[in-house]
Amino acid sequence: MNNALFIYNTLTKEKTLFEPINHPYVGMYVCGPTVYGDAHLGNARPAVVFDVVYRYLKYLGYKVRYVRNITDVGHLENDSDDGEDKVGKKAKLEKLEPMEVVQLYTDAYHQVMQKLNVLMPSIEPHASAHITEQIQMIEEIIRNGYAYESNGSVYFDVKKYSEHHPYGELSGRIPEELYSGTRELDGQHEKKNSADFALWKKASPEHIMRWPSPWSMGFPGWHLECSAMSAKYLGNTFDIHGGGMDLMFPHHESEIAQSKACHGHAPAKYWMHNNMITINGQKMAKSLGNFITLHQLFTGNNSLLDRAYSPMTVRFFMLQAHYRGTLDFSNDALLSAQKAYKRLMNGLKIIKSLTYPENHIPKDDKLNDEIRNSINDCFNSLNDDFNTAACIAALFNLLKKINAIHSSQIRIESIDPAVFEQMKKSFIDIIENILGLYEEKNTRTEVFINALLDLYREAKILKQYDKVDKIRAIFKAEGLVIKDMKNGIDWAYDEN
RNA sequence: GGUCACGUGGCCGAGAGGCUAGGCAGAGGUCUGCAAAACCUUUUACAGCGGUUCGAAUCCGCUCGUGACCUCCA
């Protein structure tokens with residue numbers, strides 16, 4: 001296996017060899033949730049995608065510092081002066097303190113992420129806890145001449161910036177077109193150009209969330225938090241910046257501009273963007289109202305759902321597609337993912353129980369080659385811009401061999417011992433440590449299961465088929481099946 | 001309107017100038033008290049029309065269709 005990891009960089013629009021700035025340390029920043037509501041399926045995609053990125057980088061031996069923020073201030077409903085803060089609006093609606101809203105949905109986010117087996121980032125900073133850093137950054141940007149104050153608010157001067165730097169390099173935007181736009185926005189009379197964006201906004205009287213600053217009682221602009229917090233925890237330049245494709249413009253574009261205007265150079269070396277989850281071909285989004293929350297997905301409590309889907313089914317569903325492609329939600333697709341996931345888990349259970357026997361028989365060269373190739377395919381796929389879909393395909397090819405061993409159609413001894421151990425280790429490592437999938441056991445009472453299996457075994461010997469059928473029915477009712485095989489009796493998860 | 005993607009078999013979804021993706025579903029077989037699982041075999045493909053090439057699903061052009069961003073969104 002080689003460690004040449006290639007990452008598609010949105011900035012250069014090509015796959016490039018990943019070389020950390022400061023080997024073996026890797027700094028990664030991913031835009032986290034705005035905590036004003038329950039997380040939906042679409043919100044889970046970046047979390048899962050970058051969880052795999054995080055896990056794989058660690059697997060490759062990098063020392064990763066992973067920062068994923070919580071946006072709890074400054075994210076407005078729209079770009080006008082009356083644009084309400086998302087958290088503030090929710091607080092008014094629910095008659096709660098803004099920080100109660102933040103706490104509530106941050107906790108809810110953590111809960112569903114834990115169910116999805118998404119690891120906690122190394123640091124999870126809140127925007128509201130870094131007002132000072134953001135104010136300092138604004139001051140520096142003003143000093144460098146790229147921002148101006150207007151009526152208590154501070155705006156980033158896009159036109160001035162684009163005279164010295166390429167604004168729009170990430171999203172392919174052309175500055176001239178941006179500030180020659182005819183769109184008439186409410187906040188525009190304070191701005192020199194419509195393309196300018198807020199670094200600091202003066203709070204209107206009814207705006208609850210406000211902090212003192214040199215310019216006004218107000219709050220920071222949405223884009224600024226990521227620039228300030230990434231710089232604080234990862235340094236002025238770090239390795240990977242991730243987030244959803246829909247954040248490319250204006251959020252990430254503005255981040256780049258702010259960081260360059262402040263520090264003189266770009267914040268991140270590699271920009272990664274996950275694509276959207278669609279439903280009936282359309283983007284799943286809060287604003288479109290066509291979303292399914294993760295909680296609903298896990299309980300089946302949504303009219304769009306035929307049934308509930310387990311967290312691991314959802315995770316597997318997402319990993320079966322490449323992160324840069326759209327992924328279409330449907331009950332058929334989820335159900336298919338559920339079956340495939342369970343099949344894989346049955347394989348995981350089997351291989352954990354397999355050990356290499358002592359006796360020697362001739363090796364099967366073709367079989368060994370096939371296994372070696374599949375293992376290589378797994379890692380080559382991951383190295384090719386985290387292609388988890390192709391990786392899983394290769395895992396299923398290994399799974400066929402594992403199942404064939406289990407059902408005595410292949411003898412382990414015909415596999416080279418080193419190849420077998422490599423298969424076992426890789427299969428388990430990839431599934432559990434890299435893809436982050438685990439067995440969702442529907443019962444922990446294995447003793448009970450084994451006792452029943454003993455009864456089943458006895459009943460079979462006595463040919464008491466009424467008992468046999470009865471025990472099988474008990475298993476079936478619990479979502480398990482008994483498997484009679486040449487070489488013994490075993491149980492498995494029912495895939496239907 | 002501008003910018004940019006995408007269109008793969010019944011469904012989902014990889015790949016990418018010649019070499020099996022994979023999963024789910026369907027068919028046949030092996031195994032089996034019945035069944036399930038497993039394994040083997042197998043049927044439906046690369047939107048349409050041109051072009052480049054010895055060869056294109058993969059490159060180029062056009063047409064049709066879908067979507068994303070340009071305003072909040074992961």
Side-chain angles (χ1 to χ4, degrees), chain A residues 13 30-34 39-50 75-80 83-84 86 168 171-174 177-178 181 183 185 195 222 242-251 253 273-278 281-288 291 316-317 320-322 324-341 343-344 346-347 350 377 381 384 387-397 399-410 460 463 465 468-469 472 475-476 481-486 490-496:
Chain A
K13 292 184 172 47
V30 174
C31 291
T34 301
H40 63 78
L41 185 59
N43 301 125
R45 176 111 105 143
V48 169
V49 163
F50 291 105
H75 202 163
L76 304 185
E77 293 270 309
N78 55 56
D79 194 25
S80 71
E84 280 193 274
K86 290 185 170 192
S171 56
R173 234 32 68 115
I174 297 160
E177 290 178 1
L178 288 170
R183 290 175 55 85
L185 293 165
W222 172 41
M245 241 178 157
D246 49 351
L247 297 180
M248 235 157 84
F249 189 89
H251 187 56
E253 200 69 70
H273 290 94
N274 64 277
N275 214 316
M276 303 294 103
I277 285 183
T278 58
Q282 199 181 32
K283 174 183 170 181
M284 185 180 282
K286 282 200 171 128
S287 54
L288 294 170
F291 63 94
F316 184 86
F317 169 67
Q320 245 190 335
H322 184 72
R324 281 193 287 114
T326 55
L327 174 59
D328 199 52
F329 165 88
S330 72
N331 281 282
D332 284 349
L334 260 298
L335 188 60
S336 151
Q338 185 191 72
K339 291 184 182 184
Y341 157 71
R343 200 155 108 84
L344 199 60
N346 281 329
I350 289 164
D377 284 348
S381 300
D384 183 14
N387 193 334
T388 53
C391 177
I392 288 172
L395 282 179
F396 273 97
N397 287 329
L399 178 64
K400 282 182 187 168
K401 307 301 180 201
I402 293 164
N403 281 329
I405 293 168
H406 190 50
S407 56
S408 307
Q409 291 169 88
I410 290 177
K460 286 281 285 199
K463 296 197 184 295
Y465 294 118
V468 165
D469 290 344
R472 230 165 14 196
F475 273 70
K476 183 88 180 169
V481 286
I482 293 174
K483 297 168 69 176
D484 288 348
M485 292 174 301
K486 272 187 206 162
D490 200 357
W491 64 275
Y493 299 110
D494 190 355
E495 292 175 22
N496 286 305

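Below, chain A is the first sequence line, B the second, and so on; all start at residue 1.
The CG-C1' distance, from A:N397 to B:G23, rounds to 11 Å in whole Å. When the P atom of B:G1 is taken as reference, atom CD1 of A:I174 falls 17 Å away, rounded to whole Å. Atoms CG (A:D484) and C1' (B:A38) sit 13 Å apart, rounded to a whole Å. As a whole-Å value, the separation of A:D332 CG from B:C11 C1' is 6 Å. A:Q282 places its CD atom 20 Å from the P atom of B:C6, with the value rounded to the nearest Å. The NE2-P distance, from A:H273 to B:A74, rounds to 14 Å in whole Å. The CE atom of A:M245 sits 8 Å away from the C1' atom of B:C4 (whole-angstrom rounding).
At the phosphate of B:A74, neither OP1 nor OP2 sits under 4.0 Å from any side-chain N or O atom of A:N274. The side chain of A:K339 places an N or O atom within less than 4.0 Å of a non-bridging phosphate oxygen (OP1 or OP2) of B:A25. In terms of phosphate contacts, A:R324 brings no side-chain nitrogen or oxygen within less than 4.0 Å of OP1 or OP2 of B:G13. Phosphate proximity of B:A74 to A:N43: present, with a side-chain N or O under 4.0 Å from OP1 or OP2. One finds no side-chain N or O of A:R472 lying less than 4.0 angstrom from the OP1 or OP2 phosphate oxygen of B:C34. Between A:K13 and B:A5 there is no side-chain polar atom (N or O) within less than 4.0 angstrom of OP1 or OP2.
A:D469 comes within contact range of at least one nucleobase, with a heavy-atom separation under 4.0 Å. At the heavy-atom level, A:S336 lies under 4.0 Å from base atoms of the strands shown. A:L327 comes within 4.0 angstrom of sugar-phosphate atoms only, judged by non-hydrogen atoms across all strands, and of no base. In this structure, A:M248 reaches neither bases nor backbone, as no heavy-atom distance under 4.0 Å exists between it and the strands shown. If you check every strand for non-hydrogen atoms under 4.0 Å, A:N275 touches a base. Looking at heavy-atom distances under 4.0 Å, A:N387 makes contact with sugar-phosphate atoms alone, never a base. A:A393 comes within 4.0 angstrom of a base, heavy atoms only. A:A492 comes within 4.0 angstrom of no nucleic acid atom, judged by non-hydrogen atoms across all strands.
Residues A:N403 and A:R343 meet the side-chain proximity criterion, which asks for heavy atoms closer than 4.5 Å. Within the 4.5 Å cutoff, no side-chain heavy atoms of A:N43 are placed close to those of A:P33.
The aromatic rings of A:F329 and A:F317 lie perpendicular to each other, with more than 60° between the two planes, well past the 30° mark.
Checking B:G23, B:G2, B:A36 against the side-chain heavy atoms of A:R173 singles out B:G2 as nearest.
A distance of about 37 Å separates the P atoms of B:C64 and B:G22, rounded to the whole Å. B:A37 and B:C31: their C1' atoms are spaced 11 Å apart (whole Å).
Across all strands shown, B:U3 pairs with B:A68; the Watson-Crick or G-U wobble distances both stay below 3.5 Å.
Judged purely by atom type and a 3.5 angstrom limit, A:N346 uses its side chain to pair as donor or acceptor with the backbone of A:Y493.
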